[in-house]
Protein chains: 2
Amino acid sequence: MLTGVLYALSDPVRLSIVKHLAEDGGKACGTFCLPVAKSTASHHFRVLREAGVIQMRPEGTQYITSLRREDLDCRFPGLLDSVLQASGPI
Amino acid sequence: MLTGVLYALSDPVRLSIVKHLAEDGGKACGTFCLPVAKSTASHHFRVLREAGVIQMRPEGTQYITSLRREDLDCRFPGLLDSVLQASGPI
DNA sequence: ACCAATGTTCGTATACTATCGAACAATTGG
DNA sequence: CCAATTGTTCGATAGTATACGAACATTGGT
């Protein structure tokens, strides 16, 4: 759902996650240096995942997180790019 | 703020308002046939206005509402267009 | 087997959002 | 001046979001 994606991207913490992923590709959850507790971070990752913005695959004790760029570009062409461009550098 | 715009657009009622405005240009608040009470509609118009998505100018007893397309396209190039395209027809 | 590392889940507290109806303000028209 | 129209504001309420710490599960290494 479009509104779900927009909502997921409307939180500063989650937008920061997406920006880092757009820059760096796949990363483990713990490598984001987020200004919240890890339980809160886990919540934000879930919101992004359930909105279809990211995917997470387990690898050892950690989860490698990555953007679902192709899916997003297919469902909502240009949206992610414009958001990333508008959000500026990290 | 980008997150403010994304948040404003993440509500179905508000997105519907924006879609109608993109289609029809300036309209009075009462002409949107929204599925909420007018006090609630007024709240949604305010959220959109404060996020910089729309502008409202008084004209008689009503407010003519319109998209701030140029401002948005300048601040967040491509964003509104991709959202409108992704949101489909009214 | 045990311990450390990584996230998730749970319970909870706080804050914000969407919603409504009622009351109010401003303007237009009779 | 009075009434109708249009939208805002206020107060209340129910639901949802964000945040945290504590406890738990899973995996990998010692």
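So you know, we letter chains A, B, ... as the sequences are listed, proteins then strands, and number each from 1.
For D:dG7, the OP1/OP2 oxygens have no side-chain nitrogen or oxygen of B:Arg46 closer than 4.0 Å. A close approach under 4.0 Å does occur between a side-chain nitrogen or oxygen of A:His44 and OP1 or OP2 of D:dA19. For B:Tyr7 and C:dA18, the shortest distance from a side-chain N or O to OP1 or OP2 is below 4.0 Å.
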Quiz prompt | Pair B:Leu79-B:Leu72, side chain to side chain contact (heavy atoms under 4.5 Å, CB included): steps then yes or no | solution = CA-CA 8 Å; B:Leu79 178 60; B:Leu72 284 174; over 6 Å; no

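If you measure from atom CD1 of B:Ile17 to atom P of C:dA18, you get 11 Å, rounded to the nearest angstrom. Going from atom CD1 of A:Ile64 over to atom C1' of C:dT8 covers 16 Å, rounded to whole Å. Here the P atom of nucleotide C:dA18 and the CZ atom of B:Phe45 are 14 Å apart, to the nearest Å. Whole-Å rounding puts the B:Lys27 NZ to D:dT6 C1' distance at 16 Å. Remark: C1' of C:dG7 and CZ of A:Arg49 are 10 Å apart, rounded to the nearest angstrom. Put simply, CZ on B:Phe32 is 14 Å from P on D:dT6, counting in whole angstrom units. We find that CD of A:Glu50 is positioned 14 Å from P of D:dT16, with the value rounded to whole Å. Per the geometry, CZ belonging to A:Arg57 stands 13 Å off P belonging to C:dG7, to the nearest Å.
A:Ala86 and B:Arg75 make their closest contact through CB-O, 4.5 Å (heavy atoms, listed as atom of the first residue, atom of the second, distance). Across every non-hydrogen atom of B:Ala22 and B:Arg69, the tightest pair is CB-NH2, 4.1 Å.
With the nearest nucleotide of DNA chain C identified for both A:His43 and A:Gln62, A:Gln62 has the one nearer the 5' end.
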Polar-atom pairs under 3.5 Å, protein N or O versus N or O of nucleotides 27-30 of chain D: list them with distances, or write none.
none

Find every protein N or O atom lying less than 3.5 Å from an N or O atom of nucleotides 20-22 of chain C, and list the pairs.
residue : atom : partner : partner atom : Å
C:dC20  : OP2  : B:Ala37 : N            : 2.6
C:dC20  : OP2  : B:Thr40 : OG1          : 3.1
C:dG21  : N7   : B:Ser39 : OG           : 3.2
C:dG21  : O6   : B:Ser39 : OG           : 3.0

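Here the CG atom belonging to B:Leu84 is positioned 9.5 Å from the CD1 atom belonging to B:Ile90, to the nearest 0.5 angstrom. With rounding to the nearest 0.5 Å, the separation of CG in B:Leu2 from CG in A:Leu9 is 8.5 Å.
In this pair, A:Tyr7 and B:Tyr7 present their aromatic rings tilted. The plane angle is within the 30 to 60° band.
If you chain together hydrophobic residues whose side chains sit under 4.5 Å apart, B:Leu34 and B:Ile54 fall into the same group.
Ion pairing between a basic and an acidic side chain is recognised when a charged N comes within 4.0 Å of a carboxylate O; A:Glu59 and A:Arg57 show such pairing.
Listed by first then second residue, pairs satisfying salt bridge (Lys or Arg N to Asp or Glu O under 4.0 Å) with a partner in residues 21-39 of chain A read A:Asp24-A:Lys27, not counting sequence neighbours.
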